[in-house]
> 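Okay, here's the structure, questions in a sec.
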Amino acid sequence: MTNILSDDAHYRRVAELWLEWARLGQEQAVRPRAYFEEMQDLCRSFDSFALLLTLRALDQLGFEPTSLERSLSDREAQVRHGSRVARLSWATADGAISLQGEGVEPLRIVPLCSSLAALDDGQLRAVLGDADAHAATDTTTVVLYPSPSDASAFEHLEPELAARLRSLAHEVSTLGRRGVGFLPVSPWDIGSVERMARQLRWVTTAPTFLAYPQTIAQPDMSDLSRAHA
């Protein structure tokens with residue numbers, strides 16, 4: 001600070017502008033509570049985006065709500081497409097979304113606001129192993145996580161791990177063992193709805209396709225012989 005900047009009628013305004021700019025540029029220590037609330041708000045926002053994405057993908061597949069009067073604040077909705085009727089519900093505690101219904105393979109969608117692609121190979125293997133270990137045996141599970149802003153973020157990972165982070169649940173499942181799918185999604189990633197729609201298409205149509213051909217029990221031939229006699 002000089003005499004000109006502090007006393008001159010014109011340059012004094014320059015000094016005020018400089019001081020305000022300096023205050024904005026200073027790093028301010030965030031209080032732990034404020035940081036916690038900010039991160040909680042971020043997670044809740046990602047949960048809401050996951051729900052919006054699921055609803056948009058269901059709409060793309062032709063599902064419509066059975067009741068337009070019902071509010072989303074009820075934390076559940078019933079949707080229909082042709083003869084298939086499914087119930088969509090979501091929790092406030094962890095943001096998990098459930099889809100189930102007759103002719104629909106139960107699906108659990110878990111929003112995880114974490115940069116999984118930024119983990120190293122060892123950390124990611126631990127996350128994937130824990131997810132598979134806790135996978136439900138009767139429900140398909142898919143984890144939604146924020147897409148990296150740069151597609152090259154996967155290049156530092158082993159090809160197998162990088163592919164796992166972009167695979168649907170049925171693509172990593174084996175006979176007698178369900179795997180957990182992982183899908184990168186974000187508002188700036190235009191492929192998010194398509195990825196979610198692919199997972200929903202599988203759980204809503206696979207049971208019908210896998211039920212073909214139908215098995216018909218062969219009648220007892222001795223009963224037929226007696227009937228003709």
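The analysis underlying the following values was restricted to heavy atoms, covering all of them including side chains, and did not include hydrogens, waters or symmetry mates.
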> Tell me whether Glu20 contacts the main-chain N or O of Leu17 through its side chain, where contact means a donor paired with an acceptor under 3.5 Å.
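It does not hold such a pair.
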> Might you confirm whether atom CD of Glu160 has over 12 heavy atoms from other residues, nucleotides or ligands at distances under 6.0 Å?
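Counting neighbours around CD of Glu160, 12 or fewer heavy atoms of other residues, nucleotides or ligands fall under 6.0 Å, so no.
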> Using the six-membered ring wherever Trp is involved, compare the ring planes of His81 and Phe63 and label them parallel, tilted or perpendicular (cut-offs 30° and 60°).
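Correct class here is tilted.
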> Quick check: does any side chain N or O of Ser192 sit under 3.5 Å from a backbone N or O of Ser186, one acting as donor and the other as acceptor?
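It does hold such a pair.
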> Just wondering, do His134 and Asp130 contact through their side chains at under 4.5 Å, heavy atoms?
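Yes, their side chains come closer than 4.5 Å.
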> Are Thr140 and His170 packed together at the side-chain level, in the sense that at least one heavy-atom pair is separated by less than 4.5 angstrom?
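No - every pair of side-chain heavy atoms lies 4.5 Å or more apart.
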> Does Leu55 share a hydrophobic cluster with Val110, counting links as ILVMFWY side-chain heavy atoms below 4.5 Å and allowing steps through other members?
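No, because Leu55 and Val110 fall into different hydrophobic clusters, even though each may have its own neighbours under 4.5 Å.
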> Does the pair Arg44/Asp47 count as a salt bridge with the N-to-O cut at 4.0 Å?
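Judged by the 4.0 Å cut-off on N to carboxylate O distance, Arg44 and Asp47 do not form a salt bridge.
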> Can you find a pair of side-chain heavy atoms, one from Val185 and one from Pro146, that are under 4.5 Å apart?
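In short, these two side chains do not touch, never coming nearer than 4.5 Å.
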> Determine, for Arg33 against Glu37, whether the closest basic-nitrogen to carboxylate-oxygen distance falls under 4.0 angstrom.
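Looking at Arg33 and Glu37, the cut-off is met.
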> To the nearest 0.5 Å, what is the distance between OG on Ser98 and CG on Leu88?
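With rounding to 0.5 Å, OG (Ser98) is 8.0 Å from CG (Leu88).
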> Does Ala117 offer a backbone N or O that forms a donor-acceptor pair with the side chain of Tyr145 under 3.5 Å?
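Pair absent, no side-chain N/O of Tyr145 close to backbone of Ala117.
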> How many angstroms lie between CD1 in Ile109 and OG1 in Thr54, if you round to the nearest 0.5 Å?
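The distance works out to 3.5 Å.
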> Once you round to the nearest 0.5 Å, how far does CE of Met196 lie from CG of Leu52?
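Here the interatomic distance stands at 12.0 Å.
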> Should the pair Glu171-Arg198 be classified as a salt bridge under the 4.0 Å nitrogen-to-oxygen rule?
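Yes, Glu171 and Arg198 are salt-bridged.
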> As a quick check of understanding, evaluate side chain to side chain contact (heavy atoms under 4.5 Å, CB included) for Asp41 and Phe36, giving each step before the final call.
CA-CA 9 Å; Asp41 183 63; Phe36 173 79; over 6 Å; no
> How long is the straight-line distance from CG of Leu165 back to CG of Leu183, given to the nearest 0.5 Å?
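Between atom CG of Leu183 and atom CG of Leu165 there are 10.0 Å.
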> Would you name the heavy atoms of Thr204 and Leu200 that are closest together and state the gap between them?
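Nearest heavy atoms, Thr204 then Leu200: OG1-O, 2.7 Å.
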> So which atom in Asp138 and which in Pro106 form the shortest heavy-atom distance, rounded to 0.1 Å?
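Nearest pair, atom of Asp138 first, then Pro106: O-CG, 3.8 Å.
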> At their closest point, which heavy atom of Ser147 faces which heavy atom of Arg195, and how far apart are they?
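Heavy atoms of Ser147 and Arg195 come nearest at OG-NH1, 4.4 Å.
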> Charged N to carboxylate O under 4.0 angstrom, Asp94 versus Arg108?
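Yes, this pair counts.
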> Does the distance from a Lys or Arg side-chain N to an Asp or Glu carboxylate O, for Glu76 and Arg87, drop under 4.0 Å?
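Yes, charged N to carboxylate O under 4.0 Å.
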> Under 3.5 Å, is there a donor-acceptor pair linking the side chains of Glu105 and Gln100?
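Glu105 vs Gln100: no donor-acceptor pair found between side chains.
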> So how far is it from Ser149 OG to Asp189 CG, rounded to the nearest 0.5 Å?
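Spacing of OG (Ser149) from CG (Asp189) equals 11.0 Å.
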> Please answer whether the main-chain N or O of Ala86 pairs with a side-chain N or O of Arg80 as donor and acceptor at a distance below 3.5 Å.
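Here the side-chain-to-backbone pair does not exist.
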> Looking at every non-hydrogen atom in both residues, tell me the closest pair between Val79 and Thr66 and how far apart they are.
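Residues Val79 and Thr66, closest heavy atoms: C-CG2, 4.2 Å.
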> Does any N or O in the side chain of Arg164 come within less than 3.5 Å of the main-chain N or O of Val180, such that one atom is a donor and the other an acceptor?
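Answer holds: yes.
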> Give a yes or no answer on whether the side chain of Asp150 reaches the backbone of Ala153 with a donor-acceptor pair at less than 3.5 Å.
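Flag not set: sc Asp150 to bb Ala153 has no pair under 3.5 Å.
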> Shared ILVMFWY cluster between Ile97 and Val85, side chains joined below 4.5 angstrom?
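Hydrophobic grouping puts Ile97 apart from Val85.
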> Would you kindly check if the NZ (Lys) or CZ (Arg) of Arg166 is within the cone defined by 45 degrees around the ring axis of Phe182 and under 6.0 Å from the six-membered ring centre?
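Not flagged: Arg166 not positioned over aromatic ring of Phe182.
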> When you group the ILVMFWY residues by side-chain heavy-atom contacts below 4.5 Å and let the links chain together, are Phe154 and Leu128 in the same group?
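In one cluster with Leu128: Phe154, yes.
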> To the nearest 0.5 Å, what is the distance between OG on Ser89 and CD on Gln78?
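Answer for the OG-CD pair, Ser89 versus Gln78, is 11.5 Å.
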> Check whether Leu51 and Leu61 end up in the same hydrophobic cluster, where Ile, Leu, Val, Met, Phe, Trp and Tyr are linked by side-chain heavy atoms less than 4.5 Å apart.
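Shared cluster, yes.
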> With a 4.0 Å cut-off on N to O distance, would you call Glu158 and Arg125 a salt bridge?
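Result for this pair is yes, salt bridge flagged.
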> Applying a strict under-4.5 Å side-chain criterion to I, L, V, M, F, W and Y, I'd like to know whether Trp90 and Leu144 cluster together.
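Same hydrophobic cluster.
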> Is the shortest side-chain heavy-atom distance between Val142 and Leu168 below 4.5 Å?
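Val142 vs Leu168: side chains apart.
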> For the pair His156 (side chain) and Leu119 (backbone), establish whether a donor and an acceptor sit closer than 3.5 Å, ignoring hydrogens and angles.
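The answer is yes, because a donor-acceptor pair under 3.5 Å joins these two groups.
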> Testing the basics here: between Ala197 and Gln60, what is the closest heavy-atom pair and its distance to 0.1 Å?
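Looks like CB-NE2, 3.9 Å.
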